Amino acid sequence: MTQTTRNIVMIRPAHFFSNPETRASNRFQKPGQDDAAAQDSARAEFDGYVAALRAAGVNVLVIDDQPQGNTPDSIFPNNWISMHPDGRVFLYPMEAPNRRRERRDSVIARIRAEFAVGEVCDLSAFEAEGKFLEGTGSMVFDHDHRLAYVCLSSRSHSEVLTALLMQLGYQALVFDAVDRGGAAIYHTNVMMAVGSKLAVVCLEAIQPASARQRVCEQLQRHGKQIIDIDYTQMEHFCGNVIELADAAGNAVFAMSSRAWHAFTPQQQATLAANGTVAHAPLDTIERLGGGGARCMVAENFLPRHP
């Protein structure tokens, strides 16, 4: 399995707003106006981001959310689904009850129309036990080395992680990461991103220092150049980036415009030297949703139909 893919799935929001069921654990969410203007802004940001990704050579499958689904976070599909080269699709247990409605057979059917879906592995039964693992929000994969980086939180339970890794044949590096207020960071993918050659990580968030050293050593052992971001940059979603690929297999670094401008000039130069940077304004989505460019992307490693 390679680290990056050109194919991604994105869900166009039908009724985006700041989800009250996720605010307790997601400190990246900020209070704001939840009205038609916010929905219009989010949809315009979504469309602009899709256009930027397509212009960079990424193949984006856009699926519309259901108008009456009451799924305010449907724009973040990477939390409930992952798609793998052997045809397996994994469905994940979600902490917020209204997010569980995002798992729709119709989405899988739409993917199945273009890609070879074999087994659907549903882990959602863990919800009944109050145990959650929110996909590639909870886990940042290094596919080349069959490894998952995971910061523990109420949304990332070690028992579900163990069940998944047994099926994938992966190992995990588990650690604690906290925000500047000392609260657990809700998803690993807002403080860390791992690409084929680069890793963006908020090292000061990883506690204690021994865990920080362990993460650094693992990344460096696997040949990753570390771009270390601070708390302020993390709060501007610099950790919420993803490396994708264009038609020729070249790296495409996808992020919000706010994240891009929060990187230092030297960090920007490092990113640009290693691939194409694709960014678009996602201010409304980041502020009200507490997630950004990486959260909006469900990587699709499934084989295409002949």
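Please read all numbers here as calculations on a predicted model, not as lab measurements. Reckoned from all heavy atoms, side chains included, excluding hydrogens, waters and symmetry mates. Residues take their numbers from the sequence shown, with the count starting at 1.
- Formation of a donor-acceptor pair under 3.5 Å by the R12 side chain with backbone atoms of V62 is not found in this model.
- Between M255 and F237, every side-chain heavy-atom pair lies at or beyond the 4.5 Å cut-off.
- Remark: S106 OG to I111 CD1 distance equals 10.0 Å, nearest 0.5 Å.
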Assess whether side chain to side chain donor-acceptor pair (under 3.5 Å) is satisfied between R180 and T232, documenting all intermediate values. CA-CA 9 Å; R180 66 169 79 237; T232 300; 3.1 Å; yes
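- Put simply, the residue from E134, R155, R99 that forms a side chain to side chain donor-acceptor pair (under 3.5 Å) with N79 is R99.
- Sorted by first then second residue, the ring-ring contact (aromatic ring centres under 6.0 Å, His included) pairs that include residues 36-69, not counting sequence neighbours, number zero.
- Screening residues 57-68 for salt bridge (Lys or Arg N to Asp or Glu O under 4.0 Å), with sequence neighbours left out, gives D65-R104.
- Looking at N7 and M83, their side chains never come closer than 4.5 Å, going by heavy atoms from C-beta outward.
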Take L302 and V89, measure what side-chain contact (heavy atoms from CB on, under 4.5 Å) needs, and give me the verdict at the end. CA-CA 8 Å; L302 294 167; V89 170; 4.2 Å; yes
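- Counting heavy atoms from C-beta outward, I206 and M191 have side chains that approach closer than 4.5 Å.
- Atom OG1 of T188 sits about 8.0 Å away from atom CG of L152, to the nearest 0.5 Å.
- Between E243 and S196, some side-chain heavy-atom pair lies under the 4.5 Å cut-off.
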Audit row: L123, Q167, side-chain contact (heavy atoms from CB on, under 4.5 Å) steps and yes/no: CA-CA 11 Å; L123 299 171; Q167 294 190 65; 3.8 Å; yes
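- Annotation for L53 and M10: closest pair CD1-SD, 3.8 Å, computed over non-hydrogen atoms.
- Take S41 and apply the side-chain hydrogen bond (donor to acceptor under 3.5 Å, both in side chains) test, not counting sequence neighbours, and it matches no residue.
- Without hydrogens or angle criteria, K224 side chain to G195 main chain gives a donor-acceptor distance under 3.5 Å.
- Between T270 atom OG1 and I227 atom CD1 the span is 5.5 Å, to the nearest 0.5 Å.
- Atom CG of N300 and atom CD1 of I8 lie 9.5 Å apart (nearest 0.5 Å).
- Residues I185 and F132 are members of separate hydrophobic clusters, defined by side-chain heavy-atom contacts under 4.5 angstrom among Ile, Leu, Val, Met, Phe, Trp and Tyr.
- For Q267, the side-chain hydrogen bond (donor to acceptor under 3.5 Å, both in side chains) partners at least two apart in sequence or on another chain are Q233, T264.
- The salt bridge (Lys or Arg N to Asp or Glu O under 4.0 Å) contacts involving residues 291-305 comprise E114-R304, R294-E299, where partners must be two or more places apart or lie in separate chains.
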Start with the C-alpha distance between L168 and R88, add both sets of side-chain angles, then the distance that settles side-chain contact (heavy atoms from CB on, under 4.5 Å), and finish with yes or no. CA-CA 10 Å; L168 286 180; R88 284 188 296 176; 4.1 Å; yes
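- Shown here for L203 and C216, the closest heavy-atom pair between the two residues is CD2-SG, 3.5 Å.
- To the nearest 0.5 Å, the span separating CG on L161 from OH on Y170 amounts to 13.0 Å.
- Residues satisfying the ring-ring contact (aromatic ring centres under 6.0 Å, His included) test with F90, not counting sequence neighbours, are H84.
- Counting only heavy atoms from C-beta outward, the side chains of V160 and Y92 never approach each other to under 4.5 Å.
- Of all the heavy atoms in A262 and H236, the pair that sits closest is CB-CB, 3.7 Å.
- Distance CG/D73 to CD1/I11: 12.5 Å, rounded to 0.5 Å.
- Shortest non-hydrogen contact noted between Y186 and S156 is O-OG, 4.3 Å.
- In this structure H157 satisfies the ring-ring contact (aromatic ring centres under 6.0 Å, His included) test with no other residue, sequence neighbours excluded.
- With sequence neighbours left out, R103 forms a side chain to side chain contact (heavy atoms under 4.5 Å, CB included) with W80, L91, M94, R100, S124, E127.
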Using the side-chain contact (heavy atoms from CB on, under 4.5 Å) rule, take T5 and F301 through it: C-alpha gap first, then chi angles, then the decisive distance, then the call. CA-CA 6 Å; T5 179; F301 291 95; 3.7 Å; yes
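- D176 is linked by a side-chain hydrogen bond (donor to acceptor under 3.5 Å, both in side chains) to nothing, counting only residues two or more places apart in sequence or in another chain.
- Using modelled atom types, one finds no donor on one side chain facing an acceptor on the other under 3.5 Å when comparing Q66 with T71.
- Side-chain atoms of Q3 come within 3.5 Å of backbone N or O of H143 as a donor-acceptor pair.
- Taking every heavy atom of both residues into account, I75 and P77 meet most closely at O-CD, 3.0 Å.
- A donor-acceptor pair under 3.5 Å links the side-chain atoms of H305 to the main chain of R112, judged by distance alone.
- Heavy atoms only, all atoms of each residue included: S138 and H187 are closest at N-CD2, 3.9 Å.
- Remark: the backbone N or O of T136 is paired with a side-chain donor or acceptor of N189 at under 3.5 angstrom.
- Annotation: ring-ring contact (aromatic ring centres under 6.0 Å, His included) contacts involving residues 190-232, sequence neighbours excluded, comprise H145-H222.
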Distance-only check: which donor-acceptor pairs under 3.5 Å involve side-chain atoms of residues 275-283, not counting sequence neighbours?
residue : atom : partner : partner atom : Å
H279    : ND1  : S257    : OG           : 2.8

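- With sequence neighbours excluded, no residue forms a side-chain hydrogen bond (donor to acceptor under 3.5 Å, both in side chains) with D228.
- In this structure a side-chain-to-backbone donor-acceptor pair under 3.5 Å is present from E45 to I285.
- Under a 3.5 Å cut-off, the side chain of Q266 and the backbone N or O of F263 do not form any donor-acceptor pair.
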